[in-house]
K.L.:
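First the structure, which I've put down as structure tokens, then a few questions once you've had a look.
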Amino acid sequence: MLYSKGNCNEKAAENQRNEPRRPPPFPLQAPRQNPKMSILFTSLLYGFLFIVLYFEVFLILTLIENRKSLGKSEHLELDGAGNVSSANGLNGTSAAVVYPSVTIIVPAFNEERTVVGTIHSLLKLNYPKEKLSIMVVDDGSKDGTWNTVQQFAGHPQVILHKKVNGGKYTVLNYAIERCTTEFIGCLDADSFVDSEALMHIIPQFKDTNVMAVTPSLKIQNPKTVLGMMQNAEYNLVVFVKKILGLLDAQYVTPGPFSIFRKEVFNIVGPYRHAHNSEDLEIAFRLQERHYKIQNAHKAIVYTVGPRTVYALYKQRVRWTGGFFQNIIDYRRLMFKRKYGTFGMMVLPVTAITSLGSFFLLMFALFSMSQSLIKLIQHISLVGFNFSWPPVFTRDWLLFNVQASMLFSVISIGLVLFSIWYGRKLSGGKRTGVLDTFYFLTLYSVISPFWLVTSVYNTVTQRDAVWR
Amino acid sequence: MRQPLNAYKYALTLLITVVIFGIIFYINNVLDAQRIDSVKAVQDQISLDILSSETQFNLLKDASCKNVDMSILSQEINSIAAKLAYLESNNGDKQPSIEVTNLKKYYSLLQIKDFMLMKQLGDKCSSKPISVLYFYGKSSDCPDCEKMAQILTYLRQNYPQLRIYSFDTNLQLSAINTLKSIYGITAGNIPAVVYNDESYVGFRTIDEMKVIIPALKKIDAANASAKTASSTAATGTKAKASSTPPATAAKK
């Protein structure tokens, strides 16, 4: 024993032993200093936050500006058929209403399980039967899709076509060539329409400059965690789409049930491959020509949504990557006053925020890997023996915690409001607290994966695959 | 036609955004001010602690061996060290303030005093305290210092008998400079550990440290034998307990 020699040290030794096992650490090392990196990071982050906040404030201001007209258009649409006539500028009672003719394309590629349901939902649409035709185009399916749709052969409203496989945009162009109606739209075989959807959409075309009208997309019967997460997200999109519609700044006419004036394809040309996001590219092209894209928020379209994380990842890689590549293709529209809010605000802000989140992600990964290296070093030096407070904590907080907390509170508040308002606009059933929770938590975990892949695909000019 | 740009709305949005930013930074500054206040309070506390420790040194110098309680002092020093660490970590990336630097200087002096006192007490009471001096620098000048600090922290936690006095070589303090010159420490040869007036330059692993400080090995051996003793004792009582009622066993 060390202190056992002298009597006088017995007590001291005892006291030493009674000392707590883990005394607070000495300041054995000078604090790490990395001011240049930190200043760069902080200013980038604040700039990024400022742009995001600016955009959010702009959306909310637009909402306040238009809140009366939002209510008014709802009321008009609720009147249903009667208003179609007045919306079209035609006088008279409902007997004299002239409904424009509409074709809905159902592109089907290996969709034998869902295609029948999709067609039935279209047949149930509240619209004069002689004015509504459904064109099913089998894009060279390898499963029983063609046999399954034969049950509709001879149906007065359904036309069946089969072509060699060529991808979605070829199906749309194939149908556009063969259709003679005033309006044309598309409904993917994984989506279903609300029976009043078309009645809400058609009146929006009273303005002759309106070339396309988008609906509100919702997740059908969200039960799983993934479904609920997407449900909240889609409600958020309903809100954003509505506001962008008011600003003439919608940048996508989603595949499911966006309705076009057929003549527009004669003017701007057919669909293009456009990095597998033809629904984005056509919207960009309409914006370039200063045509209007409206939004009918009461027109509800239900979509199934990817059921597995991997399927969701693939879908989002296609969306995000297509978005990046089309933005590059149409960069000439950016910061041009003549393209209005679309050119001055929507394109730059979406591009900057996407790239900004990518860089923030890279930065986060970098600092995480630094901490990991330290952790490994620590374990290799002294084994699993950690002091408290841990040596690592300091570097995690490169930037002021309080300010970031406040920004988080504000942006989460704005997101919550947008989800709530989107649901209010599209008439959702449930409050969806859990949906919002999943959205806020899980989305931030899985979205970095598709963000990274999309950036990689854009840099290497690789087109994402459909499935 | 497309809606023309509404410059007024863009300006209004800018104004609102700037106001929100302003409010956030204002709240942030208020919270920061509170944090600085709490840091100041800690600084005051450290000054008091240092004064109290100095007084204790003077008292202990004349006390007889019997009444010396060495743990009190080391506990005081530890708590000051913890507070200093808090101050430094709260400082973030900024240069340490003059107050913090001064406190660190005070603390270094206190450590030297403690080191000397321990030496005196060791001679007087014929005991041998395990005292280690450790010299470190900025991580940019001394990449190994961080690793060395982890090793020493580990040793400190696992051997409470070990006293480690750490000195920042960047502190412009004449006492530290004297200490450095006594043990031949220069800016080039850190991290450095001094044990038994012998200096060891460069990074050392735990095992190498135990070679430098054989006393640690003795403690290891003592702990190991104590462990086996206690385990045999435990089995012994168990055997007894099974044969006699628990009450009598407890009495014994």
Side-chain angles (χ1 to χ4, degrees), chain A residues 1-3 5-9 11-13 15-19 21-35 38 50 53-54 57-58 61-62 65 209 247-248 290 292 337-342 344 377-378 381-382 385 387 389 391 393-394 397-398 400 402-403 406-407 410, chain B residues 1-5 9 12-14 16-17 20-21 24-25 27-28 31-32 64-66 68-71 75 78-79 81-82 84-85 88-89 91 93 96 125-128 134 136-139 145-147 149-154 156-157 160-161 164 166 168 170 205-206 215 218-219 222:
Chain A
M1 291 285 276
L2 199 71
Y3 291 103
K5 268 188 189 167
N7 181 33
C8 66
N9 281 315
K11 199 181 159 199
N15 271 311
Q16 293 275 18
R17 262 180 256 119
N18 290 342
E19 242 186 285
R21 273 303 276 176
R22 285 176 178 252
F26 275 67
L28 286 175
Q29 64 186 66
R32 288 168 63 85
Q33 278 162 21
N34 198 357
S38 160
F50 190 87
L53 192 64
Y54 185 90
V57 170
F58 193 81
L61 268 187
T62 312
E65 202 177 44
N209 208 30
L247 291 163
D248 293 339
H290 304 294
K292 278 191 179 173
R337 286 183 69 94
K338 61 175 173 176
Y339 297 112
T341 312
F342 182 73
M344 292 298 285
Q377 188 196 55
H378 182 88
L381 287 175
V382 298
N385 194 299
S387 52
V391 242
T393 44
R394 249 180 257 167
L397 313 167
L398 273 170
N400 196 312
Q402 291 152 4
L406 291 169
F407 277 115
I410 286 184
Chain B
M1 252 332 269
R2 178 190 287 289
Q3 285 173 29
L5 281 178
K9 193 169 146 194
L12 184 64
T13 309
L14 184 68
I16 294 174
T17 314
I20 294 177
F21 251 68
I24 287 178
F25 282 119
I27 296 174
N28 191 41
L31 291 174
D32 251 3
S64 68
C65 280
K66 225 176 198 172
V68 171
D69 182 352
M70 290 198 219
S71 68
Q75 271 168 16
N78 278 348
S79 78
L84 261 175
E88 283 198 319
S89 67
N91 215 38
D93 294 323
C125 308
S126 66
S127 80
K128 231 175 164 35
Y134 168 54
Y136 66 96
K138 266 187 268 175
S139 53
C145 283
E146 202 176 315
K147 281 157 72 185
Q150 291 187 32
I151 297 286
L152 290 174
T153 308
Y154 168 85
R156 244 208 64 75
Q157 285 170 353
Q161 303 91 329
I164 296 172
S166 57
D168 185 346
N170 292 309
T205 63
I206 293 173
K218 277 187 201 163
I219 297 171

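The chains referred to below are lettered A, B, ... by the order of the sequence lines, with proteins before strands, and numbering in each begins at 1. Source: prediction; values computed, not measured.
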K.L.:
Is there a donor-acceptor pair under 3.5 Å between the side chain of D248(A) and the backbone N or O of R2(B)?
P.N.:
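No.
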K.L.:
Side chain, backbone, both or neither: which part of I410(A) has an atom under 4.5 Å from a heavy atom of chain B?
P.N.:
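For I410(A), side-chain heavy atoms alone lie under 4.5 Å from chain B.
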K.L.:
Measure the shortest side-chain to side-chain distance between I20(B) and Y54(A) over non-hydrogen atoms and say whether it is less than 4.5 angstrom.
P.N.:
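Side-chain contact under 4.5 Å: no.
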K.L.:
Report the relative orientation of the aromatic rings in F407(A) and F21(B); use parallel for angles under 30°, tilted for 30 to 60°, perpendicular for over 60°.
P.N.:
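Judged by the thresholds at 30° and 60°, the geometry between F407(A) and F21(B) is tilted.
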K.L.:
Mind listing the closest non-hydrogen atom pair of L406(A) and I24(B) along with its distance?
P.N.:
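Nearest heavy atoms, L406(A) then I24(B): CD1-O, 3.6 Å.
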K.L.:
Between NE2 of H290(A) and CD of Q3(B), what distance do you get to the nearest 0.5 Å?
P.N.:
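Those atoms lie 13.5 Å apart.
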K.L.:
Any side-chain heavy atom of K9(B) within less than 4.5 Å of one from L247(A)?
P.N.:
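The answer is yes, as the side chains (C-beta and beyond) meet within the 4.5 Å cut-off.
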K.L.:
Are side-chain heavy atoms of L5(B) and M344(A) found at a separation under 4.5 Å?
P.N.:
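Touching, per the 4.5 Å side-chain cut-off.
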K.L.:
Say you draw a straight line from CG of L61(A) to OG1 of T13(B); how long is it, rounded to the nearest 0.5 Å?
P.N.:
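L61(A) atom CG to T13(B) atom OG1 measures 4.5 Å (nearest 0.5 Å).
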